[in-house]
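This report concerns only the one structure given below.
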Amino acid sequence: MSEPTEARGQWGSKLGFVLAAAGSAVGLGNLWKFPYITGENGGGAFVLVYLACIAVVGVPIMVAEVLLGKETQKSPVGAFASHAPGSAWRLVGWLGVAGAFVILSYYSVVAGWAMHYTLIAAGGAFSGVPADQLESVGERFGALYTDPTLNLIWHTVFMAVTVGVVIVGIQKGVERAARLLMPSLLLMLLGVVGYGATLDGFGPAFDFVFGFHTESLSGAGVLEALGHSFFTLSVGMGAMLTYGSYMKKDDDVVATSVWISGLDTLVALMACLALFPITFTYGMEASAGPGLVFVNMPTAMSQLPGGGLLAVVFFALLTFAALTSAISLLEVAASYFIDERGWSRPRAVLGIGAVIFVFGIPSALSGGTHLFGEGFAALNAPLFGGEGKNWFDLLDYLASNWMLPLGGLGISVFVAWRMDPVRRLAAVEAGSPIGKIAAAYAGWLWTLRLVVPIAIVLVMLHAIGLL
C-alpha cells in the first residue's frame with residue numbers, strides 16, 4: 001500500500017476526521033426524517049428498535065466502509081480495484097460515486113428550502129403571526145415548492161457554497177468547515193432543546209420519545225427503523241470510504257466509527273427533543289409526516305415568545321446539517337477524478353460540481369414538472385404501481401431504495417468475504433485496542449457476513465413493497 005500523496009490530502013487530526021465524518025452522517029435525515037418517522041411509529045419502542053439496529057447493523061457497516069478506505073488510501077472505484085483488479089467489484093465503487101452524484105443533485109434542492117426559511121425567518125416571517133392568519137404560515141411551503149425560480153436560485157446558491165468548501169482541499173476546506181459547522185450545529189441544537197425544556201410539552205415529549213410505547217409499533221415500523229439506521233450513517237454511498245481514505249495508517253478505525261455513529265444517533269435523539277416539545281405544547285400532531293419541519297414547526301414557533309429568533313436558529317441548524325452532508329457527497333464524486341484520472345482538485349470539483357448542478361435543475365423546477373411536463377409522471381407510472389413520480393421523487397426513490405442498499409450490501413459482502421484476510425485484519429488492528437481482541441474481531445466479521453446482508457435485503461424488500 002503506497003502512502004497518499006500530499007496533493008491528495010490527509011486529515012490534520014483525528015478530531016477533524018471524526019467531526020467531518022459525523023457531519024457527513026448528520027444531515028436532514030437526522031433533523032427532518034427521524035423525528036417524523038418516530039412520530040408516525042409512536043415513539044418509544046420504535047426508538048429502542050432503532051438504537052438496537054444502529055448497534056447491530058449500522059456500526060458494523062460503518063467500520064467496514066471506513067476500513068476499506070483507510071487500508072487502500074483510494075476513493076471507491078480504486079479501493080475495490082486494489083483488492084480485486086480487473087473484476088466486476090469495481091461496479092460497487094461506481095455505484096457509490098453514482099449514488100453520491102444523484103443524491104446531491106436533489107439534496108441541494110431540499111437544503112435550499114432550509115436556506116430560504118432561514119432568510120425569511122430572519123425577516124420576521126414567523127414572528128407574532130395573528131391567530132387568524134396561522135394558515136398562511138403553513139401555506140408558505142407549498143408556495144416555495146411550486147416556485148421554480150426560487151428553487152433554482154437556492155439550488156444554485158447551495159451548490160456554489162458546497163463547491164467553495166470542497167475545492168479548497170481536505171484540511172483547509174472540508175476539515176476546517178467541519179470544525180466550524182459541527183460544534184455550531186451541536187450548540188444550536190442544544191439551545192433549541194433547552195428552550196423546549198421550558199415548555200409545557202417537554203414532559204409529554206420526553207415520555208413519547210423514551211417511554212416504552214409498543215401500541216403503535218408494527219412490523220413495518222421495525223423494518224423502517226432498520227432501514228433508517230442504515231441510511232442515517234451515510235454508509236453505502238462511498239462517503240465514509242472516501243473520508244476513511246484520508247486517514248493515517250495508525251488511526252483507530254473501530255473507535256472512530258463508534259464515535260461517528262454515536263454523534264449521529266445523539267443528534268437524531270436531540271432533534272426529537274427539539275421538535276416534539278413545541279409540537280405537543282401547541283397540540284399539534286406528532287405524526288404529521290414530512291410537514292413536521294416545514295409546516296408544523298414554523299406555525300408553532302410563530303406563537304412562541306421569541307419564536308422568530310428560534311426559527312432563525314432552527315432553520316440555520318437545518319442548513320448547517322445539510323451542508324456537512326453535501327460536502328461529503330461532492331467529495332466522493334470529485335475524488336474519483338482526482339485519484340483515477342489524475343485531475344487537479346479545482347478541475348475535479350468545479351467540473352463535477354457543475355454537472356451535478358445541471359443534473360439537479362429538473363428537481364429544482366418543482367420536481368421536474370415544469371421541465372418535462374406532467375407526461376413524465378405518466379410515462380414512468382407502470383414502474384410504480386400506476387402512480388407516476390416526478391423527477392425529484394424518482395431520483396429519491398432510486399437512490400434510497402436501490403443505490404444505497406446495493407452499495408451497502410456490496411461493501412459488506414466484499415469486506416467480509418472478498419477482501420484479503422491478512423490486509424483486513426491488519427487494518428482493523430492498526431491503532432485499535434478493540435480491534436486486537438480476537439472475539440471482537442470475529443463477532444464483527446460474522447455479523448458483517450450474515451446479519452448485515454440479511455438486514456439489507458429485508459430493507460430493500462420492504463422499500464419496494466414486498467414485505
Side-chain angles (χ1 to χ4, degrees), residues 1-5 8-14 16-25 58-85 89-90 92-100 166 169-171 174-175 178 233-261 325 327-340 348 404 407-416 418-420 423-432 435 444 448:
M1 183 179 67
S2 61
E3 291 285 352
T5 64
R8 188 173 187 274
Q10 276 190 337
W11 301 111
S13 66
K14 294 178 182 179
F17 166 64
V18 170
L19 290 176
S24 173
V59 173
I61 301 178
M62 173 77 74
V63 172
E65 189 164 340
V66 173
L67 177 147
L68 185 57
K70 183 191 116 168
E71 201 278 333
T72 60
Q73 300 282 281
K74 295 180 180 294
S75 57
V77 176
F80 285 93
S82 173
H83 283 273
W89 281 108
R90 286 175 64 97
V92 179
W94 270 112
L95 189 61
V97 174
V166 178
I170 293 302
Q171 289 189 26
V174 177
E175 185 172 348
L233 296 179
S234 288
V235 292
M237 65 180 75
M240 292 303 162
L241 191 158
T242 302
Y243 274 14
S245 73
Y246 300 122
M247 295 174 73
K248 298 179 176 66
K249 284 184 178 182
D250 60 347
D251 285 344
D252 187 340
V253 170
V254 178
T256 51
S257 296
V258 171
W259 271 106
I260 295 163
S261 304
S325 294
I327 288 169
S328 69
L329 292 170
L330 181 56
E331 182 64 33
V332 171
S335 66
Y336 166 76
F337 293 94
I338 295 171
D339 289 352
E340 304 300 315
L404 293 188
L409 183 62
I411 289 170
S412 61
V413 171
F414 183 84
V415 171
R418 180 62 178 82
M419 187 175 182
D420 180 82
R423 291 172 65 177
R424 181 180 60 218
L425 179 60
V428 172
E429 289 183 338
S432 176
W444 165 75
L448 205 63

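Sequence positions, counted from 1, serve as the residue numbers for this chain. Keep in mind that what you see is a predicted model, and the values were worked out from it rather than measured.
- By the side-chain contact (heavy atoms from CB on, under 4.5 Å) test, A426 pairs with no residue at all, sequence neighbours left out.
- With sequence neighbours left out, the ring pair (Phe, Tyr, Trp, His ring centres under 6.0 Å) criterion links F337 to W343.
- The side-chain hydrogen bond (donor to acceptor under 3.5 Å, both in side chains) test applied to R90 returns no partner, not counting sequence neighbours.
- Judged purely by atom type and a 3.5 angstrom limit, W11 has no side-chain atom pairing as donor or acceptor with the backbone of G244.
- In this structure, the side chains of Y246 and S335 come closer than 4.5 Å at one or more pairs of heavy atoms.
- Here the options are T256, D252, D250, the test is side-chain hydrogen bond (donor to acceptor under 3.5 Å, both in side chains), and the partner is S432; only D252 passes.
- Remark: D251 engages no residue in a side-chain hydrogen bond (donor to acceptor under 3.5 Å, both in side chains) (not counting sequence neighbours).
- Atom CD1 in I260 sits 5.5 Å away from atom CE in M240 (nearest 0.5 Å).
- Remark: A427 engages L67, E71 in a side-chain contact (heavy atoms from CB on, under 4.5 Å) (not counting sequence neighbours).
- Rounding to the nearest 0.5 Å gives a distance of 5.5 Å between CE of M419 and CG of L68.
- The distance between the ring centers of F414 and F80 falls below 6.0 angstrom.
- With sequence neighbours excluded, the residues satisfying side-chain hydrogen bond (donor to acceptor under 3.5 Å, both in side chains) with S328 are S24.
- Using a 4.5 Å heavy-atom threshold, the side chains of F17 and V66 count as touching.
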